[in-house]
Amino acid sequence: MKVLGIETSCDETGIAIYDEHQGLLAEALFSQIPLHAEYGGVVPELASRDHVRRIIPLIQQVMQHASCQAQDIGGIAYTSGPGLMGALMVGAAVGRSLAWTWGCPSIGVHHMEGHLLAPMLEQNKPQFPFLALLVSGGHTLLVDVSAMGQYRIIGESLDDAVGEAFDKTAKMLGLAYPGGPVISKLALEGIPGRYKFPRPMVNRPGLDMSFSGLKTFVLNTWNESDQTAQTKADIAYAFEDAVVDTLNIKCKRALKATGHQRLVIAGGVSANQRLRTRLTELANSSSIELFYPQAQFCTDNGVMIAYAGLQRLIAGEHDGSGFSTTPRWPLDELRAPGS
Ligand code: KG4
Ligand code: ZN
């Protein structure tokens, strides 16, 4: 079965065709980053309008690259939540309507399940069960994964998501959006040890996290500093180091609590090199296998949605005659495919 995947939950229009046997056939991504850059974050109404402009030409482009006709597509998967309501509506309406026109089934996919399964797109894919650290602009979750659709959230951020903390910190330092890649690039020039920021909630038992205090710490440090370029780099380093160290401590604790031998990291922040290096060290020192998607599949894309949708369509799941979107949708409400 070939599945057309559509991702429009936030500021990326991602389209892909994934084949059950051949794997990824074609994909295209349009990033709205320049559109939102001057506002320092995503403007929901601008996002929806731009998805409307991009989605059909991108679908045509991907169909052409994959040499597919409408009759070749066995199902359509679109992100139905969580995300921005208007943005989700664009992908859902187009996906459901195309499926109706082409006479194939469609399915709404949970965006974070897409991220969680993105490492399955790699040659060396994780077997179930595993521990997953999902770190994106909207979510920070530690998930005990028994199988696809069987997710137990064992830790989460009580306030800002990690990606959000990167973005807000970058904004406070006058850096570009999205903040994650910019801060980690700047941090390479930072002097280790000049500043040491707190590791939030690591001295308390449990797996929950908090990142909003760290952001305030950055602001106060910056305001009280000489505000030179070197100081900015030093603060970027200290911030990233504190975030990565905190995630490392929580992963170590979660691996111990669950007994899992495999750790999966996914979501936009899993592209972070320092995080990957630190967790690789953790994995090597404790005989744990670490898995993460290639950089382009860490951030939002249509491929992960096509892949997750394919698994559910194969199991016989599909939409009824209508469709719905779910802007707030806890990951642990999902069930195993077909159940
Ligand atoms: O998964 P994603 O594309 O969208 C959501 O589902 O939210 O994640 C976007 C987030 C942004 O906050 C961005 O700053 C962060 O991922 N990000 C990074 C890096 N690349 C993207 N954070 C840290 N280091 C990176 N290299
Ligand atoms: Zn995402």
Side-chain angles (χ1 to χ4, degrees), residues 5-14 16 29-33 36-37 40-42 44 47 51 78-84 87-88 91 109-119 121 132-141 156-157 160-173 175-188 190 211-212 214-215 218 236-237 239-248 264-279 292-305 307-308 327-329 331:
I6 302 176
E7 157 60 38
T8 64
S9 68
C10 191
D11 59 348
E12 250 110 28
T13 319
L29 185 83
F30 183 86
S31 169
Q32 302 178 353
I33 287 172
H36 303 288
V42 179
H51 286 307
Y78 56 85
T79 305
S80 57
L84 303 170
L88 289 168
V109 169
H110 193 294
H111 181 78
M112 296 312 291
E113 177 165 72
H115 277 304
L116 191 148
L117 298 176
L121 300 166
L133 172 69
L134 300 184
V135 274
S136 70
H139 294 83
T140 305
L141 301 171
E156 61 191 319
S157 174
D160 292 350
V162 187
E164 188 181 1
F166 268 100
D167 296 339
K168 288 179 176 170
T169 297
K171 196 173 178 180
M172 286 180 324
L173 295 175
L175 301 168
Y177 171 85
V182 186
I183 288 196
S184 60
K185 189 160 174 240
L186 187 60
L188 294 173
F211 295 100
S212 81
L214 194 53
K215 185 188 63 193
V218 169
Y237 178 91
F239 169 79
E240 185 179 56
D241 192 50
V243 167
V244 166
D245 207 28
T246 304
L247 293 174
N248 181 49
V264 162
I265 52 170
V269 184
S270 69
N272 186 278
Q273 195 50 54
R274 203 178 300 276
L275 178 64
R276 289 178 172 203
T277 306
R278 195 74 58 90
L279 292 179
Y292 44 75
Q294 53 184 283
Q296 69 180 121
F297 300 149
C298 288
T299 44
D300 292 351
N301 63 85
V303 189
M304 65 185 196
I305 302 305
Y307 180 85
R328 287 181 180 277
W329 187 4
L331 182 67

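The basis for the numbers below is simple: all heavy atoms, side chains too, and nothing from hydrogens, waters or symmetry mates. For ligands, and for the atoms within them, numbers begin at 1 and follow the listed sequence.
- Regarding atom 10 (C) of ligand 1, its nearest protein heavy-atom neighbour is G137 N, 3.6 Å.
- For atom 4 (O) of ligand 1, the closest heavy atom belonging to the protein is D300 OD1, 3.2 Å.
- Here the side chain of H51 pairs no donor or acceptor atom with the backbone of E7 at under 3.5 angstrom.
- For the salt bridge (Lys or Arg N to Asp or Glu O under 4.0 Å) test, residues two or more places apart in sequence or in another chain that qualify with K168 are D160, E164.
- You'll find the side chain of I265 reaches within 4.5 Å of the side chain of R276, heavy atoms only.
- Within the 4.0 Å heavy-atom cutoff, G138 counts among the residues contacting ligand 1.
- At the top of the distance list for atom 24 (N) of ligand 1, counting protein heavy atoms only, stands N272 ND2, 3.0 Å.
- Heavy-atom proximity to atom 1 (O) of ligand 1, evaluated over A266, G179, G268, is greatest for G268.
- Protein-derived N/O/S atoms nearer than 2.8 Å to the Zn ion (ligand 2) total 3, waters excluded.
- Every heavy atom of H139 sits 4.0 Å or more from the atoms of ligand 1.
- With sequence neighbours left out, R274 forms a salt bridge (Lys or Arg N to Asp or Glu O under 4.0 Å) with E240.
- Side-chain atoms of R328 never come within 3.5 Å of backbone atoms of P82 as a donor-acceptor pair (strictly under, hydrogens ignored).
- At a 4.0 Å heavy-atom cut-off, ligand 1 touches H111 through the side chain alone.
- Under the ring-ring contact (aromatic ring centres under 6.0 Å, His included) criterion, F239 pairs with F166, sequence neighbours left out.
- From M304, atom CE reaches atom CG of L117 across 10.0 Å, with rounding to the nearest 0.5 Å.
- No side-chain heavy atom of N301 sits less than 4.5 Å from a side-chain heavy atom of Q296.
- Inclusion of G180 in the set of residues having an N or O under 3.5 Å from an N or O of ligand 1 is warranted.
- Looking at atom 15 (C) of ligand 1, its nearest protein heavy atom turns out to be V269 CG2, 3.9 Å.
- For F166, no nitrogen or oxygen atom sits less than 3.5 Å from a nitrogen or oxygen atom of ligand 1, counting backbone and side chain alike.
- Here the NE2-OG distance, from H115 to S270, works out to 8.0 Å after rounding to the nearest 0.5 Å.
- In terms of modelled atom types and a separation under 3.5 Å, the side chain of T8 and the main chain of A87 share a donor-acceptor contact.
- Near G163, the atoms of ligand 1 lying under 4.0 angstrom from a non-hydrogen atom of the residue are 12 (O).
- L134 CG to T140 OG1: the interatomic distance, rounded to the nearest 0.5 Å, is 9.0 Å.
- If you look at H115 next to ligand 1, the close heavy atoms, those under 4.0 Å, all belong to the side chain.
- Near T299, with a cut-off below 4.0 Å to any heavy atom, the atoms of ligand 1 are 3 (O).
- By the criterion of a heavy-atom distance under 4.0 Å, the side chain of D167, and not its backbone, is placed next to ligand 1.
- Between the side chains of E156 and H139, no donor-acceptor pair of N or O atoms lies under 3.5 Å.
- Judged by distance alone, with hydrogens and angles left aside, the side-chain atoms of D167 form no donor-acceptor pair with the main-chain N or O of P178 at under 3.5 Å.
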